[in-house]
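Input: a single structure, listed below in structure tokens.
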Amino acid sequence: MTGIEIDLDIYPDEASLLQGLKRGDPEACACMIKQYAPRVYAIAIRMVNDRDEAEEVLQETFISACKNINRFEGRSALGTWLHRIATNAALMHLRKRKNREVSLDAPVEMYGGDDVYREVKDWAFSPDDHAMNSETRDMLEKAISELPETLRTVFILREIEGYSTEETANILGISVSAAKVRLHRARLRLRQSLAPYFIQPA
Amino acid sequence: MSATPVHPHQHEEDDCGRVLTHLNDYIDDKLSPELCAELEAHLAQCENCRVVFDTLNQTLYLVHQLRETPPELPETVAYRLFAVMNLQQFIPKKKG
Ligand SMILES: [Zn+2]
């Protein structure tokens, strides 16, 4: 977002930015957006998997944040608060979508090895020679986006957004054990879908 | 891809299934010391489970790097956001 003309130094710290937001300064709102919109959009696009809906989630997040800024008590960082609003907005979209179409996800609340052992060859991979290039990044994002929704949401919240398993369960309104099972299956499935990229040539 | 028999011995297969159920908690460091020891002993002697464990860790290592590289926010999307928020004054005028 290099194109937006706003000087982030107007508000030297989060406390002064927050004061500006609570006063309703347009500059404060612009600063907040410039600072946090990229991460909010990232959450949105990974969660809903659709550009148009991700844009709606982005807009809803900041509209809601500005409307409710006086309810923000500052117990967490502003970014954390925004991420949570974005996550909830994204989940709302997924729920609405689910009401429109029949879910293709099979129930996944059982532990199981299913297809885990289909490919057990080792990978040609070492963290040192595997800096994250754009090809690897695209491949990873694609593999995550192809996880079934029930697994994808848990995986993103837990592994990318960094919520604990308990927090993840809480956000999704599922039991901790269900969150654990889904996380387990998501990890194994992702490992499985990355295997073709990393298997050592024979 | 040819399907090679993964587990030659039946008793090992049972162990592998058990290990797999606990792998998640092991990665998250939530396993009791006893189960940890049991799992590590199995990993030491079972190559298949070791490979699954290693590649799983590699998968998560890569995924965690995505935290630092969020998908790009397109400029047009950012501009529309500023417009929706009535912050048009911060959008640079198009030249020409
Ligand atoms: Zn094994």
Side-chain angles (χ1 to χ4, degrees), chain A residues 1-6 26-27 29-30 33-34 37-43 45-46 51 54-55 58-59 62-63 66 111-113 116-123 125-127 130-132 134 136-137 140-141 143-144 155 159-162 165 180-181 183-184 187-188 190-191 194-195 198, chain B residues 1-7 13 16-25 27-28 30 46-94:
Chain A
M1 259 208 299
T2 44
I4 300 297
E5 291 172 343
I6 178 78
E27 289 82 7
C29 193
I33 292 175
K34 178 152 185 178
R39 280 296 306 277
V40 165
Y41 185 72
I43 295 172
I45 193 116
R46 283 174 178 147
R51 282 172 190 282
E55 182 167 355
L58 176 74
Q59 295 180 357
F62 285 103
I63 289 169
C66 286
Y111 269 108
V116 173
Y117 279 128
R118 205 189 301 146
E119 192 60 82
V120 289
K121 295 197 184 91
D122 209 350
W123 293 0
F125 175 102
S126 92
H130 224 289
M132 190 70 124
S134 66
T136 310
R137 197 170 55 227
L140 256 183
E141 294 277 5
I144 294 170
F155 187 81
E159 301 293 359
I160 301 181
E161 293 308 315
T165 307
K180 275 187 166 191
V181 172
L183 178 65
H184 182 77
R187 283 171 169 176
L188 291 174
L190 197 66
R191 186 204 79 89
L194 298 193
F198 293 122
Chain B
M1 254 179 281
S2 65
T4 46
V6 166
H7 300 293
E13 204 170 305
C16 294
R18 258 173 69 74
V19 162
L20 197 60
T21 1
H22 293 306
L23 216 46
N24 215 32
D25 284 337
I27 287 173
D28 291 336
K30 293 245 174 86
C46 176
E47 203 196 336
N48 283 321
C49 283
R50 203 162 54 236
V51 168
V52 170
F53 174 69
D54 287 345
T55 52
L56 203 49
N57 269 332
Q58 287 160 346
T59 300
L60 294 179
Y61 169 85
L62 287 175
V63 167
H64 293 159
Q65 291 190 51
L66 291 180
R67 289 174 184 166
E68 312 309 322
T69 55
E72 203 184 337
L73 171 62
E75 200 144 82
T76 49
V77 174
Y79 287 177
R80 282 196 292 270
L81 174 62
F82 273 75
V84 164
M85 302 295 294
N86 273 319
L87 298 167
Q88 292 91 334
Q89 68 265 39
F90 299 104
I91 303 175
K93 306 268 182 307
K94 281 215 177 70

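Because the structure is predicted, anything quoted here is derived from the model rather than measured. Letters A, B, ... are given to chains in the order of the sequence lines, protein chains preceding strands, and every chain is numbered from 1.
- For the pair R80(B) and E55(A), the tightest heavy-atom approach, listed with the atom from each and the gap, is NE-OE2, 2.6 Å.
- To the nearest 0.5 Å, atoms OG1 (T21(B)) and NZ (K180(A)) are separated by 12.0 Å.
- Contacts of V84(B) with chain A are made by side-chain atoms alone, with heavy-atom separations under 4.5 Å and no backbone atom involved.
- Between T55(B) and R191(A), the shortest heavy-atom contact is OG1-NH1, 2.7 Å.
- Neither the backbone nor the side chain of E68(B) has a heavy atom closer than 4.5 Å to any heavy atom of chain A.
- Rounding to the nearest 0.5 angstrom, the gap separating the CG atom in L190(A) from the OG1 atom in T59(B) is 6.0 Å.
- Minimum heavy-atom separation, P70(B) to P38(A): CB-O, 4.4 Å.
- Contact between I33(A) and M85(B) at its shortest, heavy atoms only, is CD1-CG, 3.7 Å.
- The neighbour count for Q89(B) CD, taken as heavy atoms of other residues, nucleotides or ligands under 6.0 Å away, is above 12.
- In terms of heavy-atom proximity, P26(A) sits nearest to F90(B) at O-CE1, 3.7 Å.
- Atom CG of L87(B) is separated from atom SG of C66(A) by 7.5 Å, given to the nearest 0.5 angstrom.
- Once rounded to the nearest 0.5 Å, the distance linking CG of L58(A) with CG of L81(B) reads 4.5 Å.
- Rounded to the nearest 0.5 angstrom, K30(B) NZ and T165(A) OG1 are separated by 4.5 Å.
- When each of I43(A), I45(A), I63(A) is scored by its heavy-atom pairs under 4.5 Å with chain B, the top score falls to I63(A).
- Contact count versus chain A (heavy atoms, under 4.5 Å) is highest, among D54(B), L23(B), L56(B), for L56(B).
- Partner H184(A) forms a side-chain contact (heavy atoms from CB on, under 4.5 Å) with one of D28(B), D25(B), N24(B) and no other, that one being N24(B).
- For chain B, the nearby parts of I160(A) are the backbone and the side chain; heavy atoms of each come within less than 4.5 Å.
- For R50(B), no part sits under 4.5 Å from any heavy atom of chain A, backbone or side chain.
- Heavy-atom distances place both the backbone and the side chain of L66(B) under 4.5 Å from chain A.
- A donor-acceptor contact shorter than 3.5 Å links the side chain of R67(B) to the backbone of E159(A).
- Note on R51(A), E161(A), R46(A): by heavy-atom pairs under 4.5 Å with chain B, the leading option is R46(A).
- Closest non-hydrogen pair, Y41(A) versus P71(B), comes out as CD2-O, 4.5 Å.
- Residues R187(A) and I27(B) form a side-chain contact, since some pair of their non-hydrogen atoms from C-beta on lies under 4.5 Å apart.
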